[in-house]
Amino acid sequence: MEKRALFSSKFLPYMLLLPQLAITIIFFYLPASQAIWQSFLMEDAFGLSSEFVGFENYRYLFQQPEYYRAMVNTAVFSTAVAVLSLACSLLLATQADKNLRGGEAYKTLLIWPYAVAPAIAGVLWIFMFHPSLGTLTRPIRAVGIDWNPLLNGDHAMLLLVLSATWKQISYNFLFFLAGLQSIPKSVIEAAAIDGAGPLRRFWTIIFPLLSPTTFFLIVVNIVYVFFDTFGIIDAVTGGGPAGQTTTLVYKVYADGRLGGDLGGSAAQSVILMVIVIGLTAIQFKYVERKVQY
Amino acid sequence: MVESRRYRNIVAYLVLLVGVVIVAFPVYLAILASTFDAATIINGNMPLIPGDQADENYYRTIFVGASSSTREPVGTMMLNSFIMAMGIAVGKILISILSAFAVVYFRFPLRMTAFWVIFITLMLPVEVRIYPTYKIVADLGLLDTYTGLILPLIASATGTLLFRQFFMTIPDELLEASKIDGAGAFRFFKDTLIPLSITTMAALFVIQFIYGWNQYLWPLLITTKSSMQTIVIGIKKMITTQDALTEWQIAMTTAVLAMVPPVLVVIFMQRLFVKGLVETEK
């Protein structure tokens, strides 16, 4: 779609674009290309000089068991959060879609966690499940589980999944609710008249019609877990215990900052860029504008 | 539908109620913790009704700060967070409304190139290019400055796409009428586009304010002085010191203070928030 009526000016459009282009080039293209360039360099032991080493950083990376573990952690983390948060929010959205009295109030009461910073969400959950002072730790210990997310990797991962899910439910809920409200009621009524019960109606009509929203949310949730959960991980576990909750993004940060391995960190950044570009491409190819609001 | 409505509605209310309680519980605990003294929290048996230390805790947190670690009053941190969030929200609206105006209402060489150069930034969040960005900001002498906190985070395409999409829906007749009235590009922008875009701007503002307030990784890297810390960073530093030294009542009071501004924005500007969220994702 193009405009018929336009302004003509040789100079003005460039001036209007200048601020955004300047900021984009300086803080986006420059660093992104430097990350790519740096991933082919290796610094000497004192960080004084660096030499071009080709794919050495990448080769080294793929020889590291820690890197594979970070991949597995990321896969486990993102799958668990996506499945759990989508399931919970779909359940809540279908209930909220029933034209209940006070439905708007429920909506407000469910969406505000979107506004809580990931790092703060992490702090809230570690406080609740803290091994020595958490309010919910005592009941868990009472049923015989030696709960300690600071020492036990599985417990730590579980805690991360719960806090990340808690924060994401509001977002998914909003989109599911919008998706549900866009389904024509006549279709559902027709099925009801034909004798389809509520469950049957859900699985044969509502769920398929909702699939563009679901698919869109799956991609968004994976991207969310990849990047936005950095704050949660740093607040709750710091990647520990013993690297058991270190994800790919957390490893970029930890290797560059704490380890000082900038070449290796840059190589990891480049791999992440490829993954995100792939995810975004999938989103645009298959979801595009099919999502109804 | 044909089934008994009453029974189904009771189930619906119950499910929603359980959802609301689970969602609110962690925050309720934080609010509780902000009303007790340290000893009550540490022994792991915090009562589930509020205590009487709220005045003391909030006063100390806002004006004095935790005694260990950061030593910066949380009031300063909130001010930093506020400046950063406002800077990101206003900055992004400003640069993206201008560039969208250029892309939609002008034809010029390299127009599509410029659009794609901006568009690509959608794909790469700041997290994947942190160290090179850090180095550039350091070279420009912007560490520990508000400019350094704000500028790298407004380099993204969401705003431009949002305004572009909105401008496309404005009827061409409006521009034709303005032209007949003798209005130039600047007049049209100021008198027609801006007033029409107010809702879109407000929606983008709400989303970007929350985004800016909640930033974590970037401020963590580029602020070294404690006087430049944002509240989200500050709270993390309060609880990473040795376990026994953590002043949980101060940390949780800070957590509550960190949640209040963005949560209020969502609750009181819910309509704009939903609009912004849905439209920036299209």
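Quick note on labels: first sequence line is chain A, next is B, and so on, each numbered from 1. Both backbone and side-chain heavy atoms feed into the values below; hydrogens, waters and symmetry mates do not.
- Taking all atoms of both residues into account, the shortest heavy-atom contact from B:Ile118 to A:Gln20 is CG2-NE2, 3.6 Å.
- When all heavy atoms of B:Val23 and A:Pro113 are compared, the pair lying nearest together is CG1-CG, 3.3 Å.
- The contact between B:Phe273 and chain A is made entirely by side chain atoms (from C-beta outward), counting heavy-atom distances below 4.5 Å.
- Using a 4.5 Å cut-off between heavy atoms, A:Phe226 makes no contact with chain B at all.
- For the options A:Val223, A:Leu110, A:Leu248, A:Leu272, heavy-atom pairs under 4.5 Å to chain B are most numerous at A:Leu110.
- Of the residues considered (A:Leu109, A:Thr108, A:Leu279, A:Val249), A:Thr108 shows the highest number of contacts with chain B, using heavy-atom pairs under 4.5 Å.
- The main-chain N or O of A:Pro118 is never found under 3.5 Å from a side-chain atom of B:Asn214 such that the two would form a donor-acceptor pair.
- Note: B:Phe108 and A:Tyr14 have perpendicular aromatic rings, judged against thresholds of 30 and 60 degrees for the angle between ring planes.
- The two residues A:Tyr253 and B:Leu220 have their closest heavy-atom pair at OH-CD2, 3.5 Å.
- Note: A:Phe7 and B:Phe106 have tilted aromatic rings, judged against thresholds of 30 and 60 degrees for the angle between ring planes.
- Heavy atoms of A:Leu12 lying under 4.5 Å from chain B belong exclusively to its side chain.
- In this structure, the portion of A:Ser265 lying under 4.5 Å from any heavy atom of chain B is its side chain and not its backbone.
- Contact of A:Leu174 with chain B is made through the side chain alone, with heavy-atom distances under 4.5 Å.
- For the residue pair B:Lys236 and A:Asp234, the shortest heavy atom distance occurs at CE-O, 2.8 Å.
- Contact annotation for A:Val116: both backbone and side-chain heavy atoms come within less than 4.5 Å of a heavy atom of chain B.
- Contact of A:Trp166 with chain B is made through the side chain alone, with heavy-atom distances under 4.5 Å.
- Nearest heavy atoms, B:Leu16 versus A:Leu92: CD2-O, 3.6 Å.
- A:Leu136 touches chain B through its side chain: at least one heavy atom from C-beta onward sits under 4.5 Å away, while N, CA, C and O do not.
- Contact of B:Pro261 with chain A is not made at all, since no heavy-atom distance falls under 4.5 Å.
- Ranking A:Gln38, A:Arg138, A:Gln268, A:Lys167 against chain B, the residue ahead of the rest is A:Arg138, based on heavy-atom pairs under 4.5 Å.
- Between atom OH of residue A:Tyr106 and atom CG of residue B:Leu17 there is a gap of 5.0 Å, rounded to the nearest 0.5 Å.
- Both the backbone and the side chain of A:Thr24 have a heavy atom closer than 4.5 Å to some heavy atom of chain B.
- Contact annotation for A:Leu30: both backbone and side-chain heavy atoms come within less than 4.5 Å of a heavy atom of chain B.
- Contact of B:Val103 with chain A is made through the side chain alone, with heavy-atom distances under 4.5 Å.
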